[in-house]
There are 2 protein chains.
Amino acid sequence: MQVTPELLSRFTLLKPLPRQVLEGLAPHASLVRHARREVVVRAGVREDRVCFLFEGRLQGVGHTIDGREVGLYFVEPGDFCGELALFDDSPQPEFVIATAAATVVFLARNPLREVMLNSSSVSNIVGRKLAERVRQMTEQRTLLGLSNIDQRVCGQLYLLIKGEQRQVESGEIVNPPTHQEIAIMLNISRERVTRAFQALQSRRIVRRDGPGRLVIIDLNSLRRFARGEEEL
Amino acid sequence: MQVTPELLSRFTLLKPLPRQVLEGLAPHASLVRHARREVVVRAGVREDRVCFLFEGRLQGVGHTIDGREVGLYFVEPGDFCGELALFDDSPQPEFVIATAAATVVFLARNPLREVMLNSSSVSNIVGRKLAERVRQMTEQRTLLGLSNIDQRVCGQLYLLIKGEQRQVESGEIVNPPTHQEIAIMLNISRERVTRAFQALQSRRIVRRDGPGRLVIIDLNSLRRFARGEEEL
DNA sequence: AAATTGACGTGACCAGAGTCACAAGCAATT
DNA sequence: AATTGCTTGTGACTCTGGTCACGTCAATTT
């Protein structure tokens, strides 16, 4: 499906680009809808495009040698993935799957790379984004260091809450990942995630609101549990 | 201590740079020796320099909210760290400490950034390196997905063996990390690492050769254990 | 409407990792 | 030579999280 420059400018990475540049990129972009559980980016192949998430939620997953899934990161709307293709020609190290029905924009790699190299301000932006990705991975890895598993779950939930919402006392997560998907992010079993959620729900800290919406009732308590100041 | 352009060209990142550029960078570089356990890069401060490791071994470590250490990555001689400063102005997310007496070269951030922005070939190289760092972190994270802990230790040891050595049947790791340092990389206890090493040593797969040298006697077996084809 | 599928919930069991406590070995320093 | 400090080695006990085996429920397909 055709993509307009306006649509491209909805993404934080591309927003600062001049109109003219976006018009040049638009013909190399295509809009694709993915059903839940579909593979969006394949591991092991050299991708010739970068994936921008417009709506839904994506998850990067790796695999251990013995076949277990490993959760690497979540992608929120407005963000992107597969950006390593911009920097080298090695194959993508991980799969990216849709954890909720998703609308994504694929942007051909080479035109974007051109833009990036010709304009130092663009390569600045892309570089900053990649640096942010490293920080995000570091943060995620730090979660795994927590010995108390309920703490990990609370920490993960906290990471899933968008920055703007963190100031207030309650929030929500749209299209939350399943227990299984959280489990592979935190290196724990699906059942253990369920039990953690049970504890959180019985204390009225979180509440499910139908599928596709998780309400954080008491954000302060969630934060305290994530910090280990209090135990579930 | 003064740094010569020749010294700079010993690093894989800087090697491809034209002599002239290296001469421009050299005045902004300084050579520093760090004793074992010393902090090389501090977390939470905006670093104005990038750190290249000449000799020894470094380890990036984060901290959970409750103070536990989290091992993030190892840095081998010829490689570098603190490179996020090249891309943004946010503070360094992690500490970097010397796990063995180390000689490092600090290179001021801004001159290097200039070089990077002015030459697209240089920003290519830096970008590729950062992409490689992401791959490395992914690989490291995947290790944590292994449910069998001996497998994790073997996998970590395998990662510590330099690429060139992986082809042959035996290898060595100079300045190996302590059990404690491996433990925080793999999210396990120090004692558990010791027990894994006991098993490997009694099977004549690895052998300590004084401090600062770990000999891998049977690399093939190590690989098989890392893959879970056989259990300790 | 029935069947199927996928996500969530829950109990029982147990292997295995953490923890604690202490000993032994080794290096550098006094 | 003695001391100090760090690393490694080892046993015993505890307890948590994984696993298995179900059941429930809602949504979607046939």
Side-chain angles (χ1 to χ4, degrees), chain A residues 35-38 57 59 64 66-70 97-101 143-153 157 173 175-202 206-214 228 231-232, chain B residues 35-38 57 59 64 66-70 97-101 143-153 157 173 175-202 206-214 228 231-232:
Chain A
R36 178 181 174 67
R37 294 260 109 201
E38 266 184 1
R57 185 187 300 280
Q59 180 180 33
T64 59
D66 54 341
R68 280 169 65 101
E69 276 190 322
V70 177
I97 58 174
T99 71
L143 268 190
L144 298 185
L146 295 168
S147 44
N148 183 319
I149 288 209
D150 294 313
Q151 221 178 323
R152 276 193 225 174
V153 175
L157 283 179
I173 301 172
N175 294 323
T178 64
H179 293 181
Q180 177 61 47
E181 283 153 359
I182 294 176
I184 65 164
M185 291 293 288
L186 301 176
N187 251 15
I188 56 184
S189 68
R190 195 267 312 166
E191 291 90 332
R192 191 61 187 75
V193 176
T194 298
R195 291 187 227 272
F197 266 84
Q198 286 309 303
L200 285 172
Q201 274 160 4
S202 72
V206 307
R207 175 169 57 82
R208 273 212 93 91
D209 186 19
R213 192 149 173 276
L214 183 71
E231 291 215 350
L232 280 176
Chain B
R36 178 180 172 68
R37 292 260 111 199
E38 267 185 359
R57 184 187 301 279
Q59 179 179 35
T64 60
D66 55 340
R68 277 169 65 100
E69 276 191 321
V70 177
I97 59 174
T99 69
L143 266 190
L144 299 185
L146 294 168
S147 44
N148 183 318
I149 289 208
D150 294 314
Q151 221 178 324
R152 276 193 223 174
V153 175
L157 283 180
I173 301 173
N175 293 324
T178 65
H179 293 180
Q180 177 64 46
E181 284 153 357
I182 294 176
I184 66 164
M185 291 293 287
L186 300 177
N187 251 15
I188 56 184
S189 67
R190 195 269 309 166
E191 292 88 333
R192 192 59 188 78
V193 176
T194 298
R195 292 187 225 272
F197 267 83
Q198 285 310 303
L200 285 172
Q201 274 159 5
S202 72
V206 307
R207 174 170 57 82
R208 274 212 92 93
D209 185 18
R213 191 148 175 275
L214 183 70
E231 292 214 349
L232 281 176

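For B:T64, the side-chain contact (heavy atoms from CB on, under 4.5 Å) partners two or more places apart in sequence, or in a different chain, are A:T142, A:L146, B:D66, B:R68, B:V70. For B:E38, the side chain to side chain donor-acceptor pair (under 3.5 Å) partners two or more places apart in sequence, or in a different chain, are B:H34. By the side chain to side chain donor-acceptor pair (under 3.5 Å) test, A:R152 is found to be paired with no residue, residues two or more places apart in sequence or in another chain being considered. Legend: residues meeting side chain to side chain donor-acceptor pair (under 3.5 Å) with A:N175, ordered by chain and number and at least two apart, are absent.
In this model, the phosphate group of D:dG18 is not approached by any side-chain N or O of A:R192 to a distance below 4.0 Å at OP1 or OP2.
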Problem - Reading 5' to 3' through nucleotides 24-30 of chain C, protein heavy-atom contacts under 4.0 Å coded B for base, S for sugar-phosphate only, - for none - result: -------

Handout entry: Footprint string (nucleotides 6-14 of chain C, 5' to 3'): B base within contact, S backbone only, - free, heavy atoms under 4.0 Å
Key = -SBBBBB--

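Across the protein-nucleic acid pair, B:I182 atom CD1 and D:dT7 atom P stand 12 Å apart, rounded to whole Å. We find that CG of B:L144 is positioned 14 Å from P of D:dG18, with the value rounded to whole Å. Rounded to whole Å, the distance from CD1 on A:I149 to P on C:dG18 is 11 Å. For the pair B:I188 CD1 and D:dG17 C1', the interatomic distance rounds to 16 Å; values are reported in whole Å.
Listed by first then second residue, pairs satisfying salt bridge (charged side-chain N to carboxylate O under 4.0 Å, His left out) with a partner in residues 176-200 of chain A read A:R37-A:E181, A:D150-A:R192, not counting sequence neighbours.
Among the heavy atoms of the strands, none lies under 4.0 Å from A:D150. At the heavy-atom level, B:N148 lies nowhere under 4.0 Å from the strands shown.
Each end of the helix from C:dA1-D:dT30 to C:dT30-D:dA1 yields a helix axis from five base pairs, and these two axes differ in direction by 40° (to the nearest 10 degrees).
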